[in-house]
Every structure is written in C-alpha cells, then in structure tokens.
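Only heavy atoms go into these numbers, but all of them, side chains included; no hydrogens, no water, no symmetry mates. We count residues from 1, following the sequence as given. Just follow the structure's listing: the first ligand is 1, and inside any ligand the first atom is 1.
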Amino acid sequence: MSDSDAKARILDLVRAFHVSEDKEFVPGQTEIWPSGAVFDEHDRAALVEAALEMRVAAGVSSRNFERAFAKVLGARKAHLTNSGSSANLLALSALTSPQLEEYRLKPGDEVITVAAGFPTTVNPILQNGLVPVFVDVELGTYNTTPDRIADAIGPRTRALMLAHTLGNPFAAEEVAALAEEHDLFLIEDNCDAVGSIHRGRNTGSFGHLATVSFYPAHHITMGEGGCVVTGELHLARIVESLRDWGRDCWCEPGEDNRCFKRFNQQMGELPHGYDHKYIFSHVGYNLKGTDLQAALGLSQLRRLDEFGRIRRRNWRRIAEGLDGVPGLILPEPTPDSDPSWFGFCITVRPDAAYTCRELVDYLESRKIGTRRLFAGNLTRHPAYLGQPRRISGTLENSDLITERTFWVGVYPGVTDGMAEYIAESIRTFAVQRTGRRHR
Ligand SMILES: Cc1ncc(COP(=O)(O)O)c(C=O)c1O
C-alpha cells in the first residue's frame, strides 16, 4: 500500500470513529455547559492528518490559517499565537517597540481599559511597565462608552485596550475616532467576538491591532491558540518579531535569504555580514502556535458562520423566554451591532426578590452551567492590589457585576430545547420567588 493510500485509509477510519456529540437532551439530567468546542469528523481528520505528517511545529497549515483568518476579519496580516493571552501580550508589547520611535509607549504611559473583564486584557499593560486606567462599563451591554473613555484621557494616556464583552461590540467606530483625535493606539481584544458586526464591519477591524483566542470556549477553536491581526504592515512585522524570539529576519522556518541581504548588512554593533537569521531587533518571546493547532483551526474556520448563526439563535431564544421576568437586567446589543454572542449575560437587580447566588445555585442544581463575567471588578483581586493604576470615575457598575452578574451558554452545543429549558428555569424561579415575597 502506498503512503497516500495508507493515509486515506487512516483518515477514513478516523472519520468513521467520530461519533456525533448530539445526545438526547434530558432536562435536569443532561449538563448544559456554558461554553465548549463543537467538533465534527472533518476536524478530527484534519488534526490526525497533521499528526500523521508530523507537522508538530509551525509550518504550512499555520501560514494558510493566518492568510485565511486575516481575510475573514478583513485584515492585512494575522499572526498565530499559542493563546489569546499571548496575542494580547504581543499586541501591546508591539506598541513599545523602539521601531515606533517617538510614538512608542514608554514605562509610566497610560493605557485605558475596563475594570470588568478578563485579566489578560489588562496584564500586558502592567507587564510592559505601563499604567492601566480603569473605567466603568454599562450594565446591559457590559461595555464601556466613548464618554467614559474621553473623561479618562490624561496627559500620559497613549493607548486604549478594550474587549468586546461577551461578543457584544463596544462602540468601535466612535472609539476609533476618539483614538485618532487624541493620537492614541487602539487594541481591540476580539477574543470573545469573532464574527460580531458593528456598523457593517467585523469587530477586530477598527483598531490598530486586534487579538483573538482559539481556546475551546471561543467561536472557533484549536485547543489552545490565538491570533494578532492588523491592517498595518509595520506593526505586523513588529508582532512577528516579538512572537519569534525577537528576530529581525522574517524568513519562514526552512526558508533562507528572503531579504537577499542575509550575509550583507550591518545592524547594531554586530560585524558586517552577520547572519540575518540570528539578528535580534526586539527583546522577544516565543509565542508561536503549531501546525497541529492550525490544521484544526482551518477546519473549524469552515463553520464560523454556522456557529455564529446558532449563537445568535440561542441568544434570541433565551431573550424571548425571559421577556418581562421580574428582577433581571437582560443583556442588550450595543447600537448598530449584530453580536455573535459569547454568552447570555444576566444581572440580578439589587431590588429583586432573590439574590444572584440563589438563582445561580438553582440553575446549577438543574445542570445549567453558569459563569461569572470573568473577574468582575478586576481591581479588587489580590493580584492587582498595590499595582500601579488610575481609576477614572467610579467603578460602581463593575462592583455590581462582581456581586450580581453571571452568564449562561449560547455556544453551538446548546440546542433549541436546552435554550428553552434555560429560559424556562430562570422564569420559573424568578416568578415563584417574586410571587412569594408579594404574597
Ligand atoms: C476577553 C478575553 N481576552 C483574552 C482571553 C484569553 O484567551 P486565552 O484563554 O486563549 O489565553 C480571554 C479568555 O477567555 C478572554 O475572554
């Protein structure tokens, strides 16, 4: 049997091995996860094919994924990373590059971000010796607003680093205009929002740089993985250098002398002709992904639109089922947005007849998984106490979120029946508790 026949047979067997994850939904017994990966037989075959070919480092699938994904987001360049957190670290670190000359961010410069979010949106600010300026978010959209950002801008403010919370786009066009007006860089943390649309454009296409996560909870997955995308080629080069050990050379692995100057230039204090492959222009990292990840990512990318449709449908179904339920602040899309939702976010009103904890316990007892809006108010966590920071205005909504907000799943593994059960469970609990108090 030839190698290619053997491979084809193995891949046929792998596809046959795949068992659909669609099982009968038994309310109260089947776990409804808040998030998770949805795989088909082609995903499984793509991953095994990369493994059969022993493409265990970054290679052809990584490059193909980068090209395909940049196209999806309407960016010029995408760089695959080993996680969304690494993508955030690279995006912000890129702004500190000496190659940006007088525009580079310097230690002590400020970056505006939100208090209620995911830690690794904020951590690169601190990791680069910069100062986070925390602003509050709105309840309902869970994003901050252009006026809050405008109020927070000070003489040392140089950048904005903001996530589209749970898939709901922040007012990206206005925020980008504000950034331009004040000469600020804008990084969109698009980790939870791939496929979301704002004013007819993809989120991730408004900022100087945007980041994505491909962890299983996200819109498509490679297991672990992430991406930095940008429309600006000079930033792309810096990101690539920082990702790839800080090297100056941009030859792909296994490729030599693309610049035609490999042995024919002088940089830093090195001798003339020192091999460009080993010249380092940044104090870099190695945050690359692998072809195993990229092969899976390419396969998942086929289903991005389908997954987005299911997320939207599940979100609508839960929203319709919760219309008028007492005691809840329901989520709402920001104006001019069509979110590819990450989750369905609920805040229990301070005057509700029940607490957030009671509702969450009830849902968990019915096997309905819940998650917090990540860190709640990040500034209250042990890691951030005593860190450099500025707080602009109050963080009262972020505090409320810490006490009273959670989300339930809309990912494509949630079926219509599950979405209806989630809504019905919340409604039953809230109506019963409210009725009891008013009796
Ligand atoms: C908004 C946001 N940014 C960044 C990340 C980090 O992504 P990763 O888990 O791939 O490091 C997450 C993770 O869920 C996230 O929700």
Side-chain angles (χ1 to χ4, degrees), residues 33-37 65 69 73 78-93 111-127 132 134-135 137 141-144 160-170 172 175 186-196 203-204 206-207 209-229 243 285-290 293-294 296-297 300 311 334 339-345 369-378 381 383-384 398 401 405-407 409-411:
W33 297 105
S35 61
F65 181 85
F69 195 69
L73 284 200
H79 285 105
L80 188 60
T81 62
N82 58 7
S83 74
S85 302
S86 297
N88 279 345
L89 177 61
L90 285 173
L92 193 62
S93 303
V111 182
I112 295 174
T113 189
V114 301
F118 198 80
T120 54
T121 312
V122 173
N123 293 355
I125 304 173
L126 294 165
Q127 285 153 344
F134 290 103
V135 294
V137 298
T141 69
Y142 303 99
N143 281 309
T144 194
L160 313 173
M161 177 112 180
L162 303 167
H164 298 288
T165 309
L166 291 178
N168 198 10
F170 59 78
V175 170
L186 170 61
I187 298 174
E188 294 174 78
D189 178 334
N190 201 36
C191 286
D192 298 345
V194 175
S196 291
T203 55
F206 291 87
L209 294 146
T211 61
V212 176
S213 166
F214 300 120
Y215 186 72
H218 295 256
H219 288 67
I220 57 168
T221 187
M222 336 179 150
E224 302 285 353
C227 214
V228 183
V229 296
R243 184 194 64 176
Y285 304 93
N286 176 0
L287 301 174
K288 290 186 300 230
T290 69
Q293 290 160 294
L296 180 55
Q300 285 262 296
R311 285 176 177 274
T334 47
S340 184
W341 296 98
F342 191 80
F344 190 97
C345 198
T370 62
R371 291 287 182 271
R372 306 309 299 227
L373 183 40
F374 306 129
N377 181 348
L378 202 62
H381 286 252
Y384 302 88
S398 303
I401 286 166
T405 301
F406 68 98
W407 56 273
V410 299
Y411 82 103

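- Scanning the protein heavy atoms around atom 3 (N) of ligand 1, the nearest turns out to be Asp189 OD2, 2.7 Å.
- Close N/O approach between His218 and ligand 1 is found [any backbone or side-chain N/O within under 3.5 Å].
- A donor-acceptor pair is defined here as one N or O able to donate and one able to accept, closer than 3.5 Å; no such pair exists between the side chain of Trp407 and the backbone of Thr370.
- Distances below 4.0 Å separate heavy atoms of Asn88 from the following atoms of ligand 1: 3 (N), 4 (C).
- Residue Cys227 comes nearest to Thr81 through the heavy atom pair N-OG1, 3.4 Å, listed as atom of the first residue, atom of the second, then distance.
- Thr290 contributes a side-chain N or O that, together with a main-chain N or O of Gln293, makes up a donor-acceptor pair within less than 3.5 Å.
- Within the 3.5 Å criterion, the main-chain N or O of Ser398 finds no donor-acceptor partner in the side chain of Asn377.
- Against a heavy-atom cut-off of under 4.0 Å, Phe374 is close to the following atoms of ligand 1: 16 (O).
- Phe342 has its side chain out of reach of His164: every pair of non-hydrogen atoms, C-beta onward, lies at least 4.5 Å apart.
- Neither the backbone nor the side chain of Thr211 has any atom closer than 4.0 Å to an atom of ligand 1 (non-hydrogen atoms only).
- Asp192 OD2, 3.4 Å is the protein heavy atom nearest to atom 1 (C) of ligand 1.
- Taking 4.0 Å as the cut-off, Glu224 does not count as a neighbour of ligand 1 on heavy-atom distance.
- Every atom of ligand 1 with a heavy atom of Gly84 under 4.0 Å away is listed here by number and element: 7 (O), 8 (P), 10 (O), 11 (O).
- In this structure, Trp33 has its ring center no closer than 6.0 Å to that of Tyr411.
- For ligand 1 and Thr120, the ligand atoms under 4.0 Å from any heavy atom of the residue are 4 (C), 5 (C), 6 (C).
- Every atom of ligand 1 with a heavy atom of Thr121 under 4.0 Å away is listed here by number and element: 3 (N).
- Side-chain contact between Asn190 and Leu73 is present, with at least one heavy-atom pair separated by less than 4.5 Å.
- Applying the salt bridge (Lys or Arg N to Asp or Glu O under 4.0 Å) criterion to Arg311, with sequence neighbours excluded, gives no partner residue.
- Counting the atoms of ligand 1 from 1 in the order shown, those under 4.0 Å from a heavy atom of Ser83 are 10 (O), 11 (O).
- One side chain, Asn88 or Thr211, offers a donor N or O that lies under 3.5 Å from an acceptor on the other.
- Separation of the Phe134 and Tyr384 ring centroids does not fall under the 6.0 Å cut-off.
- Of the heavy atoms in Ser85, both backbone and side-chain atoms come closer than 4.0 Å to ligand 1.
- Remark: ligand 1 and Ala163 share no N or O pair separated by less than 3.5 Å (distance only, no angle test).
- Within the 4.0 Å heavy-atom shell around ligand 1 one does not find Phe342.
- Looking at Ser213 next to ligand 1, an N or O pair under 3.5 Å apart turns up.
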